[in-house]
> 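Please read through the structure below; I'll follow up with questions.
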Amino acid sequence: MGAATAAEPIELYWEDLVPAGFNELAPGKTDHNNKMAQVQPNAPVVEVYNNKRVKLPGFIVPLEGTAELTTEFLLVPFFGACIHVPPPASNQIVYVKMDEGVPVENLYDAVWVEGVFNTVRWEGDIAAAGYSMQGKTVTAY
């Protein structure tokens with residue numbers, strides 16, 4: 001049983017990625033660079049899950065891929081983050097690079113993303129992500 005348990009990913013939720021005492025709604029330094037105003041682009045991260053196999057639910061914001069398969073995306077805690085509303089704190093965004101592209105049929109659907117999680121920061125045009133993941137699978141939530 002020990003080997004089977006070790007193979008199971010750690011099931012994370014978004015609140016697990018926020019350090020104790022961090023107020024994600026507290027305004028950070030104002031940046032007037034014409035990007036959508038991310039409230040906390042340099043939010044502190046939680047290191048305990050670094051290089052662990054995890055499973056995290058969320059919504060996909062596609063970044064790279066084809067019309068059929070997405071190879072890179074942002075995983076965010078709620079639908080519309082980074083697209084229709086300003087991005088959440090960077091410790092509430094995970095940049096995911098998939099080993100193989102995955103079909104994304106409906107951006108409105110929540111998914112589970114499983115892979116190796118780390119605290120490598122990613123910055124793009126639409127937001128900064130405090131975490132990265134080498135994605136293995138994407139399944140329905």
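The residues of the chain are indexed from 1 along the displayed sequence.
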> Heavy-atom distance under 4.5 Å between the side chains of F73 and V113, does that happen here?
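In contact.
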> I need the minimum non-hydrogen distance between V61 and A81, along with the two atoms involved.
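Between these two residues, the closest heavy atoms are CG2-O, 3.4 Å.
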> Please give me the minimum heavy-atom distance between P87 and I126, naming the atom from each residue.
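Result for this residue pair: CG-O, 3.3 Å.
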> Roughly how far, to the nearest 0.5 Å, is the CD atom of E100 from the NZ atom of K136?
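It comes to 9.5 Å.
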> Roughly how far, to the nearest 0.5 Å, is the CD atom of Q134 from the CG atom of N118?
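Rounded to the nearest 0.5 Å, the CG-CD separation comes to 9.0 Å.
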> Indicate yes or no: at least one non-hydrogen side-chain atom of L107 is less than 4.5 angstrom from one of F59.
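When only atoms from C-beta onward are counted, F59 and L107 do not touch, as no gap falls below 4.5 Å.
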> I'd like to know whether NZ of K97 has more than 12 heavy-atom contacts from other residues, nucleotides or ligands below 6.0 angstrom.
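12 or below, so no.
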> Is there side-chain contact between Y95 and V120, with heavy atoms separated by less than 4.5 Å?
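Sidechains of V120 and Y95: no contact.
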> Determine whether V76 and F79 fall in the same hydrophobic cluster, where Ile, Leu, Val, Met, Phe, Trp and Tyr are linked whenever their side-chain heavy atoms lie under 4.5 Å apart.
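Hydrophobic grouping puts V76 with F79.
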> Check the surroundings of atom CD in E15: do more than 12 heavy atoms from other residues, nucleotides or ligands lie under 6.0 Å from it?
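Above 12, so yes.
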> Would you check if N42 and R121 make a side-chain contact, meaning some heavy-atom pair closer than 4.5 Å?
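They are in side-chain contact.
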> Can you tell if the side chain of N91 reaches within under 4.5 Å of the side chain of W14, non-hydrogen atoms only?
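No, every pair of side-chain atoms sits at 4.5 Å or beyond.
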> Please round to the nearest 0.5 Å and tell me the distance separating atom CG of L12 and atom CE of M133.
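Going from the CG atom of L12 to the CE atom of M133 covers 7.5 Å.
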> How long is the span from the CD1 atom in I60 to the CD atom in E72, to the nearest 0.5 Å?
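One gets 13.0 Å once the value is rounded to the nearest 0.5 Å.
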> Check whether W122 and V116 end up in the same hydrophobic cluster, where Ile, Leu, Val, Met, Phe, Trp and Tyr are linked by side-chain heavy atoms less than 4.5 Å apart.
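No, it is not one cluster - the side chains of W122 and V116 are not joined through contacts under 4.5 Å.
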> Pick one: which of V96, V94, V54 meets side-chain contact (heavy atoms from CB on, under 4.5 Å) with Y131?
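Answer after filtering V96, V94, V54: V94.
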> Find out whether V111 and P57 are in side-chain contact, i.e. whether some heavy atom of one side chain is under 4.5 Å from a heavy atom of the other.
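V111 vs P57: side chains apart.
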> Counting only heavy atoms not in Y108, do more than 12 sit closer than 6.0 Å to its OH atom?
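No.
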> Could you walk me through whether F22 and L17 pass side chain to side chain contact (heavy atoms under 4.5 Å, CB included), step by step?
CA-CA 10 Å; F22 173 69; L17 304 181; over 6 Å; no
> Looking at CD of E114 and OG1 of T137, how far apart are the two atoms once the value is rounded to the nearest 0.5 Å?
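Taking CD in E114 and OG1 in T137, the distance rounds to 4.0 Å.
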> Evaluate F117 against I10 for side chain to side chain contact (heavy atoms under 4.5 Å, CB included), listing each step before the verdict.
CA-CA 10 Å; F117 193 81; I10 299 166; over 6 Å; no
> S90 side chain to A43 main-chain N or O, any donor-acceptor pair under 3.5 Å?
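Side chain of S90 to backbone of A43, a donor-acceptor pair under 3.5 Å: yes, one is there.
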> Going only through I, L, V, M, F, W and Y residues with side-chain contacts under 4.5 Å, is there a path from V104 to L75?
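Linked, V104 and L75 end up in one cluster.
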> Between L74 and L63, does a side chain to side chain contact (heavy atoms under 4.5 Å, CB included) hold up when you go through it step by step?
CA-CA 7 Å; L74 298 180; L63 296 172; 3.8 Å; yes
> For Q92 versus V18, what's the shortest heavy-atom pair and its separation?
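Distance-wise, the nearest heavy atoms are NE2-CG2, 3.1 Å.
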> Determine the minimum heavy-atom distance between E47 and T119, stating which atoms define it.
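Answer, listing the atom of E47 first, then T119: OE1-OG1, 3.7 Å.
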> Output the distance between atom OG (S132) and atom CD1 (I93), rounded to the nearest 0.5 Å.
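Taking OG in S132 and CD1 in I93, the distance rounds to 11.5 Å.
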